[in-house]
Q: 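Below are the structure tokens for one structure; questions will follow.
For clarity, every value in this text was computed on a predicted model and none was experimentally measured. Below, each value reflects all heavy atoms present in this structure, side chains not excepted, and no hydrogens, waters or symmetry copies. Chain naming here is simple, since letters A, B, ... match the order of the sequence lines and numbering starts at 1 in each.
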Amino acid sequence: MVYQPYPTPPLIRLRFLFLIVWLSCTNKTTASGIEIAFNCTASRLEDGGYWTMVGTDTIFMNTLRFYTTDLKLVSGDKVVYTDSVAHLIDLTNPEGLHSFNVTMEKAPDFDAISFELGIDSTSNCSGALAGDLDPMHGMYWSWQSGYINLKAEGSVGSLKSYNTEIQYHIGGYLYPFLAAKKVELQTKSSNRIRVCFDLNRFLKATLSSGENHIMSPGTKAVSLSQAAVNAFMICQP
Amino acid sequence: MKRIALFLIGLLVLGVSFRPEKIRFEIPDGWPRPTYDFSKNPLTEEKAALGRMLFYDPLLSRNNTISCASCHSPFNAFAHSDHALSHGINDSIGSRNAPGLFNLAWQRSFMWDGAINHLDVQALAPINHPREMGEDFKNVIEKLNGQPSYRGMFYRAFHDSVATGERTLKSISQFMITLVSNQSRYDSAQRGQTTFTTQESNGYSLFKANCANCHQEPLFTNRSFERNGLSVDPQLNDQGRAKVSGDTSDSLRFKVPSLRNVEYTAPYMHDGRFKKLRDVIQYYGSADPASFSIQPTHAIVLTPNQKTDLLAFLLTLSDKKFLMDPSHWDPAMVASRGGNRR
């Protein structure tokens, strides 16, 4: 190996200076914003978790986190706005953000929204990423590469067993076990869209499969991902 | 006049503060292009120095006792001598043999089963593994942000003193990328700077006839996953690549390790079952060729003299300059010896 620091060419430094001057001179335009807010339909606990009844079982959830990416506002069959940024939504963190804002010059009319529940294959193969995709957020597997698209952890209160824990770490970016799935919801134009996650519906589907622990990619993870997609709905603002 | 002077000073400060200290990564003659995408993580002196500090810091483990270097010693080409399986936190024993670390910019995947798809996220695996470093990665970042000495290093590397997961991992990658081994006697012979002895030359011919399909030059690995007929250790029950791919045809396939520095990286195989190179050669002479996933489909039966010749060639892959390069060593140890002497 030969180490040869190479200096930044003067032209690049000058370009940077011009950029700073240009940015400081540019008039800021007022932008419209739309808030995408996520909620869980289940009853809230003081620590930020949720509880719900599935049959005769009481389910306590202390972790409910997921990634949304590639948000689209749709009018008819036309996409009128796209936001490709990945957002980590943590519904069980009392201090965490349950919403994000998208800004645009002028808010368009739309009648539906869609987003990917999970992270695309390219990002899964791109090494260490920043922001919400930083592996320090606990949504990246360490024993193998790949993001956890949805993490749901809790316990079944009424089971007389030592193994009352339920853990779903849903992910997978390799064919045929691609777990990221599209959520499509009809809605009306608004500057605040409230998307709810029907925890009860999700748990009914997952617990009926008889699986309390799914923590790796595969057919079960793909199936659970679809159950999660089916649990999203638009709530009244 | 005063304004012009201030403007010029500002220009000077701007030029100095944004000057990147990039490292030019040189590709040895005849080597393929690296797999690592340098445009996503441009090599700089500051990031590599930070990564080197992190690599040797036991703070990355749960009880601050195990560093990356605990299982990847620079004096063993970053493998772990005398340990068949990795030796981690609280004397825990892992399930795989710690491989040597060098020429990683050319690797397509990492770990014996290729479970890790990118060098930048490789360090997460041992940090999180309960029998290796046993630490939550978020805690690592919190600990780093609590260390004043790291604040300066992160600032120099990223123009921001805050440690994040992305910055930490990319810095460790940068140090590992600088571990290039291409100064062996074999390399000198390829460059025409020296010639093999007759014994080494015979060994080279035997190597090309029997081993080179998997251990392809110049990296001495085909960077793929192959089955070499080893029986399954019933305690480990390690199925190799199949665990990652979910494909039963990948059962018992493991990543082909590079033979560079093979003299220093004992014990051998994914579970470290062979202590000596002679044991490995002996094994290939007795293995069932039907269980190999790649040619040759015959057992590699060699005479005693041929085995010695092959060993002589394999020893030409030893890169003592790589081992003795203090720029790869623990910076604290080097500082106590009076600094790097390249």
Q: Can you say whether Leu129(A) sits under 4.5 Å from chain B via the side chain, the backbone, both, or neither, judging by heavy atoms?
A: backbone
Q: Select one option (side chain, backbone, both, neither) describing which atoms of Ser216(A) are under 4.5 Å from chain B's heavy atoms.
A: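 For Ser216(A), no heavy atom lies under 4.5 Å from chain B.
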Q: Report, as yes or no, whether the 6.0 Å neighbourhood of atom NZ on Lys181(A) holds more than 12 heavy atoms from other residues, nucleotides or ligands.
A: yes
Q: So how far is it from Leu124(B) CG to Gln144(A) CD, rounded to the nearest 0.5 Å?
A: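 Result: 12.5 Å between the selected atoms.
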Q: Looking at OG of Ser121(A) and CG of Asn117(B), how far apart are the two atoms once the value is rounded to the nearest 0.5 Å?
A: 10.0 Å
Q: Atom CH2 in Trp143(A), atom CG in Asp113(B): separation rounded to 0.5 Å?
A: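 Separation between the atoms: 9.0 Å.
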Q: Against chain B, label Tyr173(A) side chain, backbone, both or neither, depending on which of its atoms sit under 4.5 Å from a heavy atom there.
A: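 Just the side chain, heavy atoms under 4.5 Å.
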Q: For chain A, find which of His118(B), Gln122(B), Lys243(B) contributes the most heavy-atom pairs closer than 4.5 angstrom.
A: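 Option with the greatest count: His118(B).
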Q: Counting only heavy atoms not in Asp29(B), do more than 12 sit closer than 6.0 Å to its CG atom?
A: no
Q: Does a sphere of radius 6.0 Å around CZ in Phe38(B) hold more than 12 heavy atoms from other residues, nucleotides or ligands, not counting ones at 6.0 Å or beyond?
A: yes
Q: Output the distance between atom OG (Ser142(A)) and atom CD (Glu132(B)), rounded to the nearest 0.5 Å.
A: 10.0 Å
Q: Glu166(B) and Asp134(A): which non-hydrogen atoms are nearest, and at how many Å?
A: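 Glu166(B) and Asp134(A) have their closest heavy atoms at N-OD2, 3.1 Å.
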Q: Heavy-atom distances under 4.5 Å only: say whether Lys40(B) touches chain A with side chain, backbone, both or neither.
A: neither
Q: Over all heavy atoms of both residues, which pair between Pro135(A) and Leu169(B) is shortest? Give the atoms and the distance, please.
A: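 Heavy-atom minimum between the residues: CG-CD1, 3.7 Å.
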Q: Around atom NZ of Lys143(B), are there more than 12 heavy atoms from other residues, nucleotides or ligands closer than 6.0 Å?
A: yes
Q: Is Ile116(B) close to chain A through its backbone or its side chain, or both, or neither, when contacts mean heavy atoms under 4.5 Å?
A: both
